[in-house]
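These notes are about the structure you will find just below.
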Amino acid sequence: MQPIKEIYPLLQVPRKIVITTHQKPDADAMGSSLGLYHFLLPFGHEVKVISPTNWASFLNWMPGCNEVLDYERETDQADQLINDADWIFCLDFNTLSRIKRMETKLKQSAAKLILIDHHQQPQTEVFSFGISDTTKSSTAEMLFDFITESGHESKITPTIAQCIYAGVMTDTGSFRFPATSASVHRLVAVLLEKGLQHTDVHQSLFDNFSENRFRFIGHVLQNRMEVFYEYNTALIAIPQADLIKFDIKTGDTEGLVNYPLSIEGIRLAGIIIDRGEERKCSFRSKGNFDVNVFARNYFDGGGHVNAAGGQSKEPLEAVVDHFKKAMMENRATLSTYQF
Ligand code: 5GP
Ligand code: MN
C-alpha cells in the first residue's frame, strides 16, 4: 500500500470512482463516504457510493444518502460500476470480509483500491494506496485530513461539513472517548466556520426515535441485561422474537451496548443480537480492557481497543455461554481494571 498522498496530484483528472464502506454502515461510515462523494464530484469525477447492505433509516437525512446503492438490492447496477471503476475508495473498514458479498467482486476488479480507515490490523496487501491510522477518532476525521492535506480546505461546503461532523461526533461518543484529540476540536471549529449547523446533526441523529425503538430500550434494560459485578461486566442478549415484537429495524439497536457502561464499576459491556441469519455481537470497554483482541479471539471479529464487534453462527444461548466463558478467562484483566 503506497501512501495516500501519492494520489493528491491525481485528484484533478476525472475518473470513474466508487466509494464503499462496511456492511450496515454507521454514521461514520456513511458520513465519511458521503463527505468524500460531495468532495469529489466538483472535480468532474463520476462518483457513486455503494453500501454492501442496507443501513439505518436515521441516516437517511444525510445529503446524498438517497443516491447510495444498496449492494444487496441493486447488485447488477453496483457490479457494473465496480467493473468500470478506476478507483474504489474503501472507508471505515480494512478487511474485505467486512463488505460481505461485495468481497469477491472487489477482489476481481481491476480498479485501484484506496484505503482510509482507523481500525486495527489492516489488510494492507489488497490496497494500492491508503492511510491506516488507529489513533484517529473516526474515518470522517481522516477524510477531513485528506481534504486539507491535499490542499482543498476551501472546497469544504456546509454539506461536506455536516457529513464529516456526523462521523466525528458519533465515533467519539459526542466528544468523550479518549481519541477526541485537540485536533478533533480544531476540526470542529473549522467546520463551524464553513457553515456547519451542528444542532441539526444532533437532532437528526438522536431525536428521531420511533416510539417502538424507545420502548424497546426500556424492555431490553429491564429484561435482557445481566450484570456480573465480580467481572465488572454486563451482557445484553436479545432474542429474535423481541426484534419482531417491537418491529426493530436495521440500526434501531445502535448504541444499546453503551448503556451498561453507565452502571458504576462496569468496564466491559457486551450485546448479542439474534438477527436470524447470525448472532451479531458488539463490545464496549473502558480503560485497558482491549475488546478488539477479545472480539478477535472469541467472536471472529475486531475493531478498536474500546469498541469492537463480531458474530457467530451458533444459537443465542450458546453464544451467551461462550461470552461468559470468555469473560471468566479474562477475569484477571477485568477485575484489576486500570484507566
Ligand atoms: P459495532 O459494535 O458498532 O458494530 O462496531 C464497533 C467497531 O468494531 C466498529 O469500528 C466496527 O467497524 C468494528 N466491528 C464490528 N463488527 C466487526 C466484525 O465482525 N469484524 C471486524 N473486524 N470489526 C468489526
Ligand atoms: Mn469509524
Side-chain angles (χ1 to χ4, degrees), residues 1-22 25-26 28-52 81-82 85-96 98-99 102-103 106-107 109-157 160-161 163-168 171-172 179 181 183-184 186-187 190-191 194 302-304:
M1 185 171 84
Q2 295 184 57
I4 190 107
K5 66 173 190 311
E6 303 292 330
I7 72 162
Y8 294 168
L10 310 176
L11 281 172
Q12 313 285 351
V13 184
R15 283 186 168 72
K16 294 191 167 130
I17 298 179
V18 163
I19 301 169
T20 192
T21 186
H22 59 78
D26 57 8
D28 186 36
M30 193 60 99
S32 54
S33 298
L34 288 172
L36 180 60
Y37 170 77
H38 292 294
F39 170 68
L40 291 173
L41 278 179
F43 287 93
H45 301 296
E46 279 177 44
V47 196
K48 200 78 183 167
V49 179
I50 305 175
S51 166
L81 288 162
I82 295 170
D86 302 310
W87 285 356
I88 300 178
F89 279 92
C90 298
L91 267 50
D92 204 37
F93 72 97
N94 61 21
T95 48
L96 295 186
R98 295 280 285 139
I99 54 172
M102 273 176 74
E103 173 172 7
L106 246 65
K107 278 183 177 157
S109 165
K112 297 219 175 327
L113 301 191
I114 304 170
L115 176 75
I116 304 181
D117 179 68
H118 65 138
H119 294 88
Q120 315 245 349
Q121 284 115 324
Q123 210 178 1
T124 43
E125 66 283 4
V126 303
F127 301 100
S128 301
F129 302 97
I131 179 156
S132 161
D133 186 347
T134 58
T135 67
K136 289 289 172 180
S137 68
S138 52
T139 301
E141 179 189 354
M142 299 177 75
L143 172 64
F144 178 85
D145 295 345
F146 173 79
I147 295 174
T148 53
E149 281 166 17
S150 61
H152 298 293
E153 188 179 311
S154 62
K155 292 199 169 67
I156 299 178
T157 59
I160 296 175
C163 295
I164 293 177
Y165 185 78
V168 175
D171 257 32
T172 56
S181 58
S183 51
V184 167
R186 276 195 286 268
L187 162 165
V190 172
L191 298 183
K194 299 281 181 190
H304 313 278

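Computation of the quantities below employed the complete heavy-atom set of this structure, encompassing side-chain atoms and omitting hydrogens, waters and symmetry-equivalent molecules. Sequential numbering from 1 along the given sequence is applied to the chain's residues.
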- Message: For a side-chain contact (heavy atoms from CB on, under 4.5 Å) check, start with the C-alpha distance between C163 and L36, then their side-chain angles and the critical distance, and finish with the verdict.
- Response: CA-CA 9 Å; C163 295; L36 180 60; over 6 Å; no
- Chi angles and distances behind the side-chain contact (heavy atoms from CB on, under 4.5 Å) call for E46, I17: CA-CA 6 Å; E46 279 177 44; I17 298 179; over 6 Å; no
- Message: T95 vs Q121, test: side-chain contact (heavy atoms from CB on, under 4.5 Å). Steps then yes/no.
- Response: CA-CA 8 Å; T95 48; Q121 284 115 324; over 6 Å; no
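Closest heavy-atom contact between S132 and H119: OG-O, 4.0 Å. Across all their heavy atoms, T148 and E153 have their closest contact at CG2-OE1, 3.5 Å. What you find for S32 and L143 is that their closest heavy atoms are O-CD2, 3.4 Å. Considering all non-hydrogen atoms of both residues, A179 and V184 come closest at O-CG2, 3.9 Å. Shown here for A29 and T21, the closest heavy-atom pair between the two residues is CB-OG1, 3.0 Å. Between M142 and D133, the shortest heavy-atom contact is CE-N, 3.7 Å.
The only member of F39, Y8, F144 that meets ring pair (Phe, Tyr, Trp, His ring centres under 6.0 Å) when paired with H152 is F39. None of I7, I19, V47, L113 except one satisfies the side chain to side chain contact (heavy atoms under 4.5 Å, CB included) rule with W87; the exception is I7. Of the listed residues (V168, I160, I156), just one forms a side chain to side chain contact (heavy atoms under 4.5 Å, CB included) with L191, and that residue is I156. Across L115, N94, L96, a single residue satisfies side chain to side chain contact (heavy atoms under 4.5 Å, CB included) together with V126, and that is L96.
The distance from atom CG of D171 to atom OG of S137, rounded to the nearest 0.5 Å, is 7.0 Å. Summarising the geometry, atom CE belonging to M102 is positioned 9.5 Å from atom OG belonging to S109; distances are rounded to the nearest 0.5 Å. Summarising the geometry, atom CG belonging to D28 is positioned 10.0 Å from atom CD belonging to E141; distances are rounded to the nearest 0.5 Å. Distance check: F43 CZ to Q12 CD gives 5.5 Å after rounding to the nearest 0.5 Å. Considering NZ of K155 and CG of L40, their distance stands at 10.5 Å, rounded to 0.5 Å. Within the model, atoms CD of Q2 and CZ of F129 stand 4.5 Å from one another, a figure rounded to the nearest 0.5 Å.
Side-chain contact between T20 and V49 is absent, with no heavy atoms from C-beta onward closer than 4.5 Å. You'll find the side chain of I88 stays beyond 4.5 Å of the side chain of K112, heavy atoms only. By the 4.5 Å heavy-atom criterion applied to side chains, F89 and Y37 are not counted as neighbours. Looking only at side-chain heavy atoms (C-beta outward), E6 and L10 stay at 4.5 Å or farther from each other. Inter-residue side-chain proximity for I114 and F127 is flagged as unmet; no heavy-atom pair is nearer than 4.5 Å.
Taking the salt bridge (charged side-chain N to carboxylate O under 4.0 Å, His left out) definition, one finds that D145 meets it with K136, sequence neighbours left out.
Side-chain contact annotation: D92 with H118, donor-acceptor N/O pair under 3.5 Å present.
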